[in-house]
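Scroll down for the structure; my scribbles are underneath it.
Both ligands and their constituent atoms are indexed starting at 1 by order of listing. Because only heavy atoms are used, hydrogens play no part in the values below, and waters and symmetry mates are left out as well, while side chains stay in.
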Amino acid sequence: MEDKKIPYKIYLEEGEMPKQWYNVRADMKNKPEPLLNPGTLQPMTAEELGHVFCDELVKQELDDTTAYIDIPEEIQSFYKMYRPSPLVRAYCLEQKLDTPAKIYYKFEGNNTSGSHKLNSAIAQAYYAKKQGLKGVTTETGAGQWGTALSMACSYFDLDCKVYMVKVSYEQKPFRREVMRTYGASVTPSPSETTAVGRKILQEHPGTTGSLGCAISEAVEAATSTEGYRYVLGSVLNQVLLHQSIIGLETKIALDKYGIKPDIIIGCAGGGSNLGGLVSPFMGEKLRGEADYRIIAVEPASCPSLTRGKFAYDFCDTGKVCPLAKMYTLGSGFIPSPNHAGGLRYHGMSSILSKLYDDGLMEACSVEQTAVFEAAEQFARVEGILPAPESSHAIRVAIDEAMKCKQTGEEKTIVFGLTGTGYFDMVAYEKFHNGEMNDYIPTDEDLKPGFDSLPKVDK
Ligand SMILES: *Cc1c(COP(=O)(O)O)cnc(C)c1O
């Protein structure tokens with residue numbers, strides 16, 4: 001197809017929007033391992049999960065076989081406020097790099113929360129409301145998930161209690177105020193408001209917190225308050241399911257112009273945006289219909305896929321959550337405070353972990369100064385100021401495009417631009433002032449995390 005016919009932005013018409021999510025597990029021959037009860041080490045039952053999560057979400061979490069799941073009308077309507085998100089042909093970046101590669105990015109930052117997280121937040125709030133619950137609790141690290149959930153809860157008139165990792169709470173007061181604007185209550189974690197928070201504070205006085213701690217607190221708050229459930233913004237199967245909207249829209253847009261990607265790249269924290277972006281493509285790969293190179297990009301300072309172990313582990317520091325089999329650095333792992341770029345979670349989605357272990361996708365890690373260099377280069381030519389998390393994918397997309405320049409190959413590269421970085425200016429400031437360093441944990445540094453892995457024979 002003539003290149004010129006491809007617009008800068010490919011949008012979908014309202015009628016072309018996906019009406020179902022896609023569940024990649026249905027096409028996986030080797031299913032991801034089930035969540036285990038940490039006491040009995042038996043697979044978690046729907047009833048057990050129902051104490052923590054909403055019933056419909058438990059169903060989605062455990063469903064390994066239904067390929068397509070209807071998106072309820074109310075969620076479709078909400079999606080229409082900010083979706084479809086554009087698939088952008090990065091003509092300006094290609095020109096600047098002088099590469100024969102064709103680069104596309106799916107931009108998820110066009111909503112107030114500034115990231116893809118709203119796609120799952122609205123679904124989770126919807127099911128909580130439908131169940132007649134009073135409210136939900138959650139954790140947030142950098143703040144995007146808490147913001148997305150606050151927006152979703154205010155839309156459905158639900159209470160929203162957010163435990164925010166203390167270091168972010170202090171560094172990002174504006175994020176906190178956005179959440180409060182949408183009616184959420186925000187508590188810095190670890191806090192004195194929960195038993196697990198008090199315990200963590202006693203063992204690690206002065207800790208600036210971690211996602212794992214905040215999860216423990218949010219779960220405790222949900223399970224000890226009548227009419228509340230806990231919701232999580234990444235890692236879980238249900239979240240990847242909701243995020244499949246990203247990949248489905250991308251695929252429809254590409255198919256409209258007969259474009260077939262060679263390489264699909266996404267940043268990986270807990271794996272939700274990457275899982276969502278690649279799901280429909282991975283489905284084709286699993287069914288033997290097409291082949292793609294799929295690359296997960298993670299920070300060198302929190303390298304769960306590239307240096308972690310594929311093992312059953314706790315999803316949280318307080319060890320109150322079920323065990324998930326995943327690539328993990330150990331629930332005791334806390335990334336260096338020098339690390340500014342998000343993607344700090346110790347583990348990785350069970351679905352992506354399984355696909356990676358089966359050799360169906362690749363992973364690489366990048367250092368944060370290289371990430372911010374790519375972020376700045378991208379901002380200057382494409383206009384969008386990217387989130388540091390998203391910039392991990394930009395880094396590798398640029399690297400792959402530069403390889404094409406050397407070989408002359410006209411590869412088509414698609415990457416996920418998960419969000420904007422307006423609330424990350426402290427990190428950008430460090431980069432500009434030359435105060436950012438590339439701390440990479442040694443094997444010695446990683447050892448305590450691995451030693452904290454539970455002994456599970458599965
Ligand atoms: C949360 C977040 C991520 C990482 O989370 P995943 O679950 O791995 O997608 C990436 N980018 C942005 C902008 C985020 O807010």
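- Under 4.0 Å is where a charged nitrogen must lie from a carboxylate oxygen, and between Arg380 and Glu376 at least one such pair does.
- The residues Glu400 and Arg395 are annotated as not salt-bridged, no charged nitrogen and carboxylate oxygen being separated by less than 4.0 angstrom.
- With a 6.0 Å radius and a threshold of 12 heavy atoms from other residues, nucleotides or ligands, Lys80 has its NZ atom above the threshold.
- Within 4.0 Å of ligand 1, counting heavy atoms only, the contacting residues are Ser115, His116, Lys117, Gln144, Ser234, Cys267, Ala268, Gly269, Gly270, Gly271, Ser272, Asn273, Leu343, Ala387, Glu389, Thr418, Gly419.
- The existence of a salt bridge linking Lys102 and Glu94 is excluded, since no basic side-chain nitrogen approaches an acidic carboxylate oxygen closer than 4.0 Å.
- Contact detail for Glu108 and Thr418: the closest heavy-atom pair is CB-O, 3.5 Å.
- Applying the ring pair (Phe, Tyr, Trp, His ring centres under 6.0 Å) rule to pairs touching residues 366-390 yields Tyr105-Phe378, Phe372-Tyr428, Phe372-Phe431, sequence neighbours excluded.
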